[in-house]
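Since the structure comes first, as structure tokens, the remarks are kept for the end.
What you see is a predicted model; the values in this text were computed from it and never measured. Order of the sequence lines fixes the chain letters, A, B, ..., with proteins taken first and strands second; residue numbering starts at 1 for each chain.
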Amino acid sequence: MYWKVIMKDIKNSWEKAISKAIAAYALSLNIKSDDLLTTRIMIQTPPKPELGDFAVPLFPFSKILRKSPHIIAADIKNIIEKLENKPPGYVTADGPYLNIRADIVGLAENLWKEIGTVQSAYGNNTSMCDQKVMIEFSCPNTNKPLHLGHLRNDTIGESIAAIIGANGADVYKVNLINDRGIHICKSMLAYMKFGNETTPESENVKSDHFVGKYYVEYNNWAKSSPNAEKEAQELLVKWENGDKDTIDLWSRMNTWAINGIFETYKRTGISFDKLYYESKTYTLGKDLVLQGLKDGVFYKEIDDSIWIDLEEIGLDKKVLLRSDGTSLYLTQDLGTAVSRHKDLPFNKLIYVVGSEQQYHFKVLFYVLKKLGLSWADNLHHLSYGMVNLPDGKMKSREGTVVDADDLIETLSDMAKQEIISKNREDSVGDLSETSSAIARAALNYYLLQVNPAKDMIFNPAESIAFNGNTGPYLQYMGARISSMLRKFALTQKDNSMTVAFDPSLLKLQVEHSLLKHIMMFPETVEQAGRELNPTNIAVYLYDLSRMYSRYYHDHQILRAGSDELIYARVVLSKMVLQVLRNAFSLIGIPFLESM
RNA sequence: GUAGCCAUAGCUCAGUUGGAUAGAGCAUUAGAUUGCGGAUCUAAAGGCCGGAGGUUCGAAUCCUCUUGGCUACACCA
């Protein structure tokens with residue numbers, strides 16, 4: 001049995017020690033103040049690693065103790081040094097700061113045991129272990145293939161699911177497929193007019209693109225056909241009345257669209273625990289509204305439409321049921337939320353949906369609360385910004401929308417060219433599999449490196465670049481360490497090297513920093529979960545990689561002086577590699593042994 | 001018009017309980033390889049953190065105002 005290394009515990013023990021020292025100091029100065037109890041000791045990170053592992057600014061105590069923070073720092077340092085239960089490590093006073101150098105290396109052995117034992121579970125924690133979380137994302141329309149905007153949604157959803165899962169939550173990923181409505185009828189109508197019974201197979205086109213082609217064709221045709229909209233409406237009525245031919249065509253085209261979309265999911269590593277179809281849920285919610293009317297939280301207009309007054313949340317009035325008694329988007333969402341809570345009594349439901357729908361979710365959550373549903377407080381709209389291109393916005397009308405499949409194809413080709421130009425075809429195993437894994441890393445990392453709340457500009461060439469802050473760079477780091485460890489395994493066999501891990505040999509500042517960074521991973525996972533922000537993981541990962549890169553460049557590992565030093569550095573490298581792998585899995589970067 | 005979000009280096013982005021000299025990458029310039037994968041590493045240069053006030057010992061971070069951009073405000077989804 002070993003003592004599990006938890007960075008928080010280390011911080012806590014120091015916080016306690018400092019707190020004790022300050023109390024003793026105040027006593028010696030004959031100062032009694034309640035402020036002393038309420039003023040929190042802040043454990044921060046110093047700007048440079050040479051200064052220490054943790055820093056505590058003493059400004060807040062200056063007023064209470066009536067001394068300059070410089071003097072306080074120096075005095076407290078002396079008191080701590082004489083403390084009986086001083087945590088391992090040492091303290092320096094640098095100006096108004098107390099800097100702490102923790103005994104990181106002393107913990108390295110336990111860290112290694114822990115990582116060696118739990119492996120892919122290192123970083124996991126229990127901060128959300130009592131939570132059942134449902135997360136909805138993607139939600140494609142079945143009239144066209146996915147585009148770059150969907151890819152941001154998908155990767156955020158998948159990553160958040162992985163992150164909160166690592167925090168111990170029971171995660172349930174759902175997708176609501178928008179497979180009905182006027183837009184679907186439009187592509188059907190175009191197919192009826194211009195399709196000539198062709199199929200994706202007969203035309204040799206990916207099936208969702210085949211359907212998308214007719215949606216485009218409808219729009220072209222509609223420009224010169226004043227009756228287009230009306231015809232589409234009539235088709236929708238037929239569909240709602242269950243007209244056999246209409247339903248047949250609808251289901252044939254939907255199968256095409258959905259199969260194609262799921263091929264794309266497979267390529268990008270997206271999956272779901274449950275699929276909901278709008279065609280099956282769109283009537284839900286009506287009863288809910290009628291019940292709300294009975295309970296007096298909604299009201300009826302003269303024309304029989306049902307409304308809610310949103311004055312309480314500073315908004316206008318909103319219609320919930322049309323005068324003809326039919327549902328709206330909002331009504332449907334009310335119904336699906338309730339039926340989902342019946343399917344899985346979640347503590348929390350996260351909707352990954354673009355920021356343009358903030359108003360919708362504000363209203364949705366308010367209405368659910370008005371209906372008296374206790375869980376309505378635990379709904380969350382994870383809103384993300386738009387993806388633009390270097391030369392402007394994506395506009396479907398101007399044909400500047402970046403198709404998801406095309407983009408992945410392009411990125412894969414670029415990766416493939418790079419592998420070929422480096423003459424590494426024979427070393428990478430399956431060439432096309434490897435290049436598509438690199439493409440995925442490029443795409444996901446680029447999309448997740450930007451805070452979801454912000455609009456972003458996607459530059460394809462920049463994303464696939466093998467230099468700089470990119471997914472492929474991170475993969476390369478992993479492949480390089482893997483390659484080195486393979487070599488080590490061979491020499492170990494030859495020499496039958498049998499030495500123990502002696503962390504005290506890791507004397508370099510960069511080794512200390514690497515160990516500390518590895519120890520901070522669980523906290524980073526926790527923070528990313530708390531903030532629902534994968535960017536934290538991306539930033540952490542890049543920092544770790546860069547740190548290791550420099551180490552690897554400046555110091556020999558397999559040719560270090562002694563067997564003992566070689567092994568110590570190999571263990572450090574193994575730990576870095578494990579953390580890389582674990583972090584990769586949280587942000588959709590495939591791990592490659594070789595690339 | 002009303003509300004919400006955003007504004008950090010030439011470009012793309014980090015930067016949370018307010019703390020030390022605001023950080024990366026790209027591009028530019030100058031370097032490093034008798035090395036475990038150079039798809040690498042080092043360095044230089046590059047900043048009125050949109051602007052103005054305020055709170056504070058201390059503000060990119062909090063508050064107010066202001067400018068600019070995006071989005072939403074359908075008996076569409």
Ser127(A) and Asn167(A) side chains, donor-acceptor separation under 3.5 Å: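 Yes, because at least one side-chain N or O of Asn167(A) sits under 3.5 Å from a partner of the opposite role on Ser127(A).
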From [atom1] of [X] over to [atom2] of [N], roughly how many Å is that when rounded to an integer?
X	N	atom1	atom2	result
Arg550(A)	rU42(B)	CZ	C1'	9 Å
Tyr446(A)	rA14(B)	OH	C1'	13 Å
Asn536(A)	rG15(B)	CG	P	7 Å
Phe59(A)	rA59(B)	CZ	P	11 Å
Lys144(A)	rA77(B)	NZ	C1'	10 Å
Leu447(A)	rC13(B)	CG	C1'	13 Å
Lys422(A)	rG38(B)	NZ	C1'	9 Å
Leu364(A)	rC73(B)	CG	P	15 Å

Just to be sure I understand the rule, does [X] reach a base, reach only the sugar-phosphate, or reach nothing, if contact means heavy atoms closer than 4.0 Å?
X	answer
Met595(A)	base
Ala538(A)	nothing
Asn388(A)	nothing
Pro46(A)	base

Exercise: identify the closest heavy-atom pair between Ile261(A) and Lys144(A):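 Smallest interatomic distance, heavy atoms only, reads CD1-O, 4.1 Å.
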Check: Phe59(A) ring centre within less than 6.0 Å of Tyr97(A) ring centre: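 Yes, ring centres under 6.0 Å apart.
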Proximity of Tyr351(A) and Phe137(A) rings by center, below 6.0 Å: no
Residue whose closest nucleotide on RNA chain B lies nearer the 5' end, Asp316(A) versus Asp455(A): Asp455(A)
Residue whose nearest RNA chain B nucleotide is more 5′ - Gln358(A) or Trp307(A): Gln358(A)
Does [X] put a side-chain nitrogen or oxygen below 4.0 Å from OP1 or OP2 of [N]?
X	N	answer
Lys186(A)	rA77(B)	no
Ser355(A)	rC5(B)	no
Lys454(A)	rU12(B)	no
Lys362(A)	rG4(B)	no

Residue Leu51(A), side-chain atoms from C-beta onward, closest of rC73(B), rC13(B), rA20(B):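 Taking heavy atoms from C-beta onward, the closest nucleotide is rA20(B).
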Pro60(A) side-chain proximity, nearest of rU17(B), rC70(B), rG19(B):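 Within the option list, the nearest is rG19(B).
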Polar side-chain atom of Trp14(A) near backbone of Ile43(A) as donor-acceptor pair, under 3.5 Å: no
Main-chain N/O of Ile72(A) paired to Asp75(A) side chain as donor or acceptor, under 3.5 Å: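 Between the backbone of Ile72(A) and the side chain of Asp75(A) there is no qualifying donor-acceptor contact (under 3.5 Å).
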Cation-pi geometry met for Arg180(A) and Tyr282(A) (6.0 Å, 45°):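 Ring-cation test returns yes.
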Row check, Phe466(A) ring normal vs Lys422(A) NZ/CZ: under 6.0 Å, within 45°: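 Cation-pi check for Lys422(A) and Phe466(A): fails.
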Electrostatic pair Lys8(A)-Glu15(A), nearest N-O below 4.0 angstrom: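 Here Lys8(A) does not pair with Glu15(A) in a salt bridge, since their nearest N and O are not under 4.0 Å apart.
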Which nucleotides of RNA chain B pair, in dot-bracket form (Watson-Crick or G-U under 3.5 Å, | meaning another strand): (((((((..((((.....[...)))).(((((.......))))).....(((((..]....))))))))))))....
Distance (rounded to the nearest 0.5 Å) between Ser482(A) OG and Leu577(A) CG: 4.5 Å
Sugar-phosphate or base contact per nucleotide [nucleotides 23-36 of chain B; S, B, -; heavy atom under 4.0 Å]: -SSS--------BB
